[in-house]
Amino acid sequence: MTAATLGSQRFRVLLAGVFSQVLCVGIARFAYTPLLPVMQQQTWMGDADGGWLAALNYAGYMLGAVLAATIRSLYIKDLLFRCGLILAVLTTAGMALTEHFWVWAGLRFLAGLSSSGSMLLASGLILHWLMQHRQRGELGIHFAGLGIGMVVVSVAVEMMLQLSFSWQTQWWGFSLLGAALLVPAWRWLPRPEKPVVGAPAANSQPAMPPTRTFMRWMLAAYFCAGYGYVISATFLVAIVEREPLLAGMGNWTFALAGLAAAPAVMLWDLVARRVGYLGALIIAMCIQVVGILLPAITANAAAVLLSAVLYGGTFLGCVSLVLTMAGRLYPSSPARLMGQMTLAYGVAQICAPALTGMLAEASGNYSLGLWLAGGFVALGAVLLVCLRRVDQTAQRLDAAAKAAVYA
């Protein structure tokens, strides 16, 4: 294979990841966020119902994370990834066929399964292909698809609202868009190849097993990060649309968050090279606290837009930093540690939307839920500050990140 051909194929492989993210995360997961206020206006759905549906979506994501962490065969992972692409389209179309809560619940759960396939299975398959073909193992472009997906669904909902489309018609529109995205996502990601006998391992770096202290504190901090992430991810558009001075800005605010999220992985990788992984994670979480709390403090349009930028620019960075740390600790087999981290993050994502929806229904607004989310993220940052000072694993990780500057 010539260098030009390999470069072209590398570009298609990365684009396959982007398209899978837009389909499985952007449409199957995040279309629900801008459509939530529309469905609340045109159906029986209340705040608590919306929160429970979001919680079930994350329950599906968490189950998918467990599967991704336990399955070792690349061929099975590839099969499940492709099933996830189909599932994303079917569950999106299914949302338009009914107004029954439990059918919606099942569809949101299955959509969560498909999003974990794009986030975890696709990233592993793409990384494997890159390393097998002696390409740089960078996933920044792949994860940028998540932010692009947020922009796509926000703009699409806004355009369909201008055309007075009903909530059912909008779900149908997203299912057609998803079917179009499925084709390149399916075709451009090659099936796994059998390894060449006698070829060197893709990654032969020694493992650096974390201490018990590191795992306990890190899991607690990542739980806190997950709680903060999911509130804005689920309710941001509804929160903005509830404010009389901000009515009509909800979808554009969510699109702005997506634009900020698109380059986040690459930017936070650069920050980590200067201050270490935990240092970068602490900074990201502190910035995210401000982003979460601004809509609870003020209804000023500029402040809310700033909130979207701060939130979008940090939540994906937090995820990528933690997954990168897992790869550093277990270079040859990071899936188990990634699975544990994702479980902690996922448990928070199940609890938080349900609780926030019930609090919003009881109080009539989302302010208490936002303050609670901001408090959790602040607590997570404090835990990481303490961990960074006392644990050897944390110090080794920070040294490894800074050493990458000279690699």
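In what follows, every heavy atom counts, from backbone to side chain, and hydrogens, waters and symmetry copies are set aside.
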Taking only residues at least two apart or on different chains, which pairs with a member in residues 81-102 satisfy side-chain hydrogen bond (donor to acceptor under 3.5 Å, both in side chains)?
D78-R82

Under 3.5 Å, which donor-acceptor pairs link side chains of residues 291-304 to any protein atom two or more places apart or in another chain?
unit_1: T298; atom_1: OG1; unit_2: N300; atom_2: N; d: 3.0
unit_1: N300; atom_1: OD1; unit_2: A302; atom_2: N; d: 3.0
unit_1: N300; atom_1: OD1; unit_2: A303; atom_2: N; d: 3.1

Which pairs of donor and acceptor atoms, one on a side chain in residues 350-375, lie under 3.5 Å apart (sequence neighbours left out)?
unit_1: T356; atom_1: OG1; unit_2: A352; atom_2: O; d: 2.8
unit_1: E361; atom_1: OE1; unit_2: D47; atom_2: N; d: 3.2
unit_1: E361; atom_1: OE1; unit_2: A48; atom_2: N; d: 3.0
unit_1: S363; atom_1: OG; unit_2: L359; atom_2: O; d: 2.8
unit_1: S363; atom_1: OG; unit_2: N365; atom_2: N; d: 3.4
unit_1: S363; atom_1: OG; unit_2: N365; atom_2: O; d: 3.0
unit_1: N365; atom_1: OD1; unit_2: S367; atom_2: N; d: 3.0
unit_1: N365; atom_1: OD1; unit_2: S367; atom_2: OG; d: 3.4
unit_1: Y366; atom_1: OH; unit_2: D47; atom_2: OD1; d: 3.2

Determine whether R388 and L384 make a side-chain contact, defined as any pair of heavy atoms from C-beta on separated by less than 4.5 Å.
no

Just do the side-chain contact (heavy atoms from CB on, under 4.5 Å) check on F19 and V183 with the steps written out, would you?
CA-CA 9 Å; F19 287 131; V183 177; over 6 Å; no

Run the numbers on L161 and N251 for side-chain contact (heavy atoms from CB on, under 4.5 Å), then give the verdict.
CA-CA 10 Å; L161 285 176; N251 292 325; 3.7 Å; yes

Test: ring-ring contact (aromatic ring centres under 6.0 Å, His included). Region: residues 28-50. Which pairs qualify, not counting sequence neighbours?
F30-F254, W44-W104

Side chains of L219 and M341, heavy atoms from C-beta outward: is any pair under 4.5 Å?
yes

On a heavy-atom basis, which atom in I27 and which in A31 lie closest, and how many Å separate them?
O-CB, 3.0 Å

Is the count of non-hydrogen atoms from other residues, nucleotides or ligands lying under 6.0 Å from F101 atom CZ greater than 12?
yes

4.5 Å side-chain heavy-atom contact, T33 and M150:
no

Exceeds 12 heavy-atom contacts within 6.0 angstrom, atom CH2 of W52:
no

Just so I know, are the side chains of Q9 and P190 near enough to count as touching, which here means a heavy-atom distance under 4.5 Å?
yes

Checking L85 against C24 for the side-chain contact (heavy atoms from CB on, under 4.5 Å) test, could you report, in this order, the C-alpha distance in whole Å, the side-chain angles of both residues, the deciding distance, and whether it holds?
CA-CA 7 Å; L85 295 177; C24 297; 3.7 Å; yes

Please list, one pair per line, the donor and acceptor atoms closer than 3.5 Å that link side chains of residues 58-68 to other protein atoms, with sequence neighbours excluded.
unit_1: Y58; atom_1: OH; unit_2: R29; atom_2: NE; d: 2.8
unit_1: Y58; atom_1: OH; unit_2: R29; atom_2: NH2; d: 2.4

Give every donor-acceptor pair under 3.5 Å between a side-chain atom in residues 311-321 and any protein atom, sequence neighbours left out.
unit_1: Y311; atom_1: OH; unit_2: Y229; atom_2: O; d: 2.8
unit_1: Y311; atom_1: OH; unit_2: A233; atom_2: N; d: 3.2
unit_1: T314; atom_1: OG1; unit_2: Q288; atom_2: NE2; d: 3.3
unit_1: T314; atom_1: OG1; unit_2: L310; atom_2: O; d: 2.7
unit_1: T314; atom_1: OG1; unit_2: Y311; atom_2: O; d: 3.1
unit_1: S320; atom_1: OG; unit_2: L316; atom_2: O; d: 3.4
unit_1: S320; atom_1: OG; unit_2: G317; atom_2: O; d: 3.0

Show the numbers, then the answer: is there a side-chain contact (heavy atoms from CB on, under 4.5 Å) between D269 and V265?
CA-CA 6 Å; D269 181 61; V265 172; 5.6 Å; no

